[in-house]
Engineer: 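After the structure tokens below, expect a handful of questions from me.
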Amino acid sequence: MAEIHKLFPSMDGNDFQREELLSYFKTILTKIDELKDPNKLTLGEMPAYTEDYYNRMIHKAGIPKAGMEIEEVIQKLIKLVEGHRYVNRNYVANAAPLPNIASIIGNLVMVLVNGNNLWDVEGSAAAAAEVEVTSMLSKLIGYDENVSSGYTTWGGQGAVFNSLRLAIARYAPDSNETGVPENLYCFCSELSHYSLYKSLEATGIGVRNLVRVKVNDDHSMDVQDLKEKMEHVIAKGGVPLYVLATMGTTDTFGIDDIREMKRIAVELEDKYHLQSIYIHADSAMGGMYAFFNDYDFEGNPLGLEDNVQEVLKSYQQKFIHIQLADSLVFDFHKLGQTPYVTSLFLVKNREDLKYMDLDEVETPYVGNRGYGSYHTGYTLECSRMGSALAIYASLLAFGKEGYQELLANYIRVNLAFREGLTKEVANVAITNEISPITTFRLYPEKTKWHEELSGLLPVEEVMEINQFNEEFAEVIGAQRDQIYFGNTKKQRLVNVANATKRISVYAHKFFTISPYSTLEEVHRYVEFLKEHQDLYLKTKSIAYNLN
Ligand SMILES: *Cc1c(COP(=O)(O)O)cnc(C)c1O
């Protein structure tokens, strides 16, 4: 067993074994640092992704007969890391975090004591961290921390699923025995994340009962359309069960007016004598901006620039109402810069959870015994990782002000990028509101965004412009080891002149998630686009002339 013992941390905390473990950590950190290059997106060279790349892997893989030395295991791991995208200043594609140091340490502590977040007897650190961050964030957004509850779960998508499950159980408390009632309807904006679609699938409600609501020009939900669609469902004998308020759409950062949505829900409940309609704020993308809910714009303690303040003020107006939601989510692994998966699902009223809790007879192994006082039998997971530790560590290390600085910088850089891009590139249109994300669309000649928005262009032309942008995305995508821009095939839907069906428009995405994406970098981003576009236009016109 001595050989096997070498594979474990010490029992007694001796220096020798600690030094050994530390030396492994040091090797890994050193090797990864050696692969870093601030001018590239990847750690070292990307592997050649040939057709048979994964097939060859499948063929070669096998468990070694005798175990390898740890040094060799490390080498193998570093091999996996080679070519990995690394979120530095060249990454402007999506909400991918660069885990901050506190969160790395929090995760490490989680792994070292390896608590099971299911039950405090098996995971006291994770349980305490979960209780603390739930209270901290409840206070931040204006939930009563003595009434609210929360737990970490499988992402913003998991939060949507959990909330829908809550809504069903609250509406029909015996549904765990009798199944989900028919005739339940859910509402979300047509730009919301597909999480709700999946959840309707998985709960058995069925996606046919998902009603998509139109959006306004600022990508927020058209609440008038919401009201009409809910009344339509009611008129046909359906039950409006659940409304998803997206607070920061994934691609364009549109923020739904949750106050108005709640007002409409209450109005319909009264008018038609309905049970309370559940509202989940899908704040996976935007929720972190609630950190400005009590920012003093008069005093401006962080000395934020006027144009940055203006944006943040408008966010404050929206996010102070997030407390109206029955539940919401903080996806720290997006704008909060922590490792995957660190999502906290927050519930306004912990009483709601009782509908989902297991009976004692169903949990013979854990909880409901004389000992232990924290048992999360209401989660969908059984064993749970203690990811609240990474959130806890981050909140302590950043403080409110640290997060405010980080979040303000996303806005600052986007303001500068928009200015630079429109100045340097003639045929570009910025296609969303100012936010941590800038979506933009290029045109073969001059911009026609306003015509597209007003539904004046024929379908063929919109498709052609889509094609033009999609090809350009291929061109810059091939150079993504220099700067990696994102894109979306559904920035929004527009009317067209010669058809009734609305058409999705394609747009490029500039998402400055890295803390190293600062004002000084903006000219690089703009230059990159300008250069590649000039080249692209040239090759296009050569191709046209040849035809
Ligand atoms: C990212 C995102 C989700 C999904 O979150 P995960 O953490 O990836 O599961 C859900 N909703 C919105 C609005 C998102 O942006």
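Side chains are part of it too, since the values below use all heavy atoms of this structure and drop only hydrogens, waters and symmetry mates. The first residue of the sequence shown is numbered 1, and numbering continues consecutively from there. Being a predicted model, the structure only gives us computed values, none of them experimental. Both ligands and their constituent atoms are indexed starting at 1 by order of listing.
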Engineer: Quick check: do N100 and I104 have side-chain heavy atoms less than 4.5 Å from each other?
Structural biologist: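 Contact flag for N100/I104 side chains = no.
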Engineer: With a 4.0 Å cut-off on heavy atoms, does H333 reach ligand 1?
Structural biologist: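 Per 4.0 Å heavy-atom rule, H333 contacts ligand 1.
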Engineer: T249 versus ligand 1: do any nitrogen or oxygen atoms come within less than 3.5 Å of each other?
Structural biologist: no
Engineer: Which of the atoms of ligand 1 are close to D331, meaning less than 4.0 Å from one of its heavy atoms?
Structural biologist: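 Within the 4.0 Å cut-off of D331, ligand 1 contributes 5 (O), 6 (P), 7 (O).
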Engineer: Evaluate side chain to side chain contact (heavy atoms under 4.5 Å, CB included) for N117 paired with E130, printing each intermediate quantity in order.
Structural biologist: CA-CA 9 Å; N117 206 174; E130 195 163 70; 3.1 Å; yes
Engineer: Between R492 and D217, is there a salt bridge with N-O shorter than 4.0 Å?
Structural biologist: yes
Engineer: What class does the angle between the rings of Y315 and Y289 fall in, given that below 30° is parallel, 30 to 60° is tilted and above 60° is perpendicular?
Structural biologist: perpendicular
Engineer: Mark up the atoms of ligand 1 that fall under 4.0 Å of a heavy atom belonging to T250, in ascending order.
Structural biologist: 12 (C), 13 (C), 14 (C), 15 (O)
Engineer: Looking only at N/O atoms, are G156 and ligand 1 under 3.5 Å apart anywhere?
Structural biologist: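 Yes, G156 has an N/O under 3.5 Å of an N/O on ligand 1.
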Engineer: Suppose I only count heavy atoms of S195 and a 4.0 Å limit; which atoms of ligand 1 are within that range?
Structural biologist: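 The list of qualifying atoms is 10 (C).
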Engineer: Suppose I only count heavy atoms of D282 and a 4.0 Å limit; which atoms of ligand 1 are within that range?
Structural biologist: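 Ligand 1 atoms under the 4.0 Å threshold to D282: 10 (C), 11 (N), 12 (C), 13 (C).
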Engineer: Please identify which atoms of ligand 1 are closer than 4.0 Å to at least one heavy atom of G248.
Structural biologist: 13 (C)
Engineer: Would one find an N or O of W154, backbone or side chain, under 3.5 Å from an N or O of ligand 1?
Structural biologist: no
Engineer: Check whether NZ of the Lys or CZ of the Arg R441 lies under 6.0 Å from the centre of the six-membered ring of Y506 and within 45 degrees of that ring's axis.
Structural biologist: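 No, cation not above the ring by the 6.0 Å, 45° rule.
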Engineer: Give a yes or no on whether a salt bridge exists between E190 and R502, defined as a side-chain N under 4.0 angstrom from a carboxylate O.
Structural biologist: yes
Engineer: By number and element, which atoms of ligand 1 are closer than 4.0 Å to a non-hydrogen atom of A284?
Structural biologist: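 Reading through ligand 1 atom by atom, the close ones are 2 (C), 3 (C), 10 (C), 11 (N), 12 (C), 14 (C).
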Engineer: Tell me, please: is S283 in heavy-atom contact with ligand 1, that is, under 4.0 Å?
Structural biologist: no
Engineer: Using a strict 4.0 Å cut-off to heavy atoms of M285, name the atoms of ligand 1 that fall inside it.
Structural biologist: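 The atoms of ligand 1 under 4.0 Å from a heavy atom of M285 are 15 (O).
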Engineer: Do the ring planes of F417 and Y525 sit parallel (below 30°), tilted (30 to 60°) or perpendicular (above 60°)?
Structural biologist: perpendicular
Engineer: Do the charged groups of E260 and R263 touch, with an N to O distance under 4.0 Å?
Structural biologist: yes
Engineer: In Å and rounded to the nearest 0.5 Å, what is the CG to CG distance from L244 to D256?
Structural biologist: 8.0 Å
Engineer: Please work out, at 4.0 Å between heavy atoms, whether the side chain, the backbone, both, or neither of Q157 comes within that distance of ligand 1.
Structural biologist: both
Engineer: Under 3.5 Å between any N/O of K334 and any N/O of ligand 1: does that happen in this structure?
Structural biologist: yes
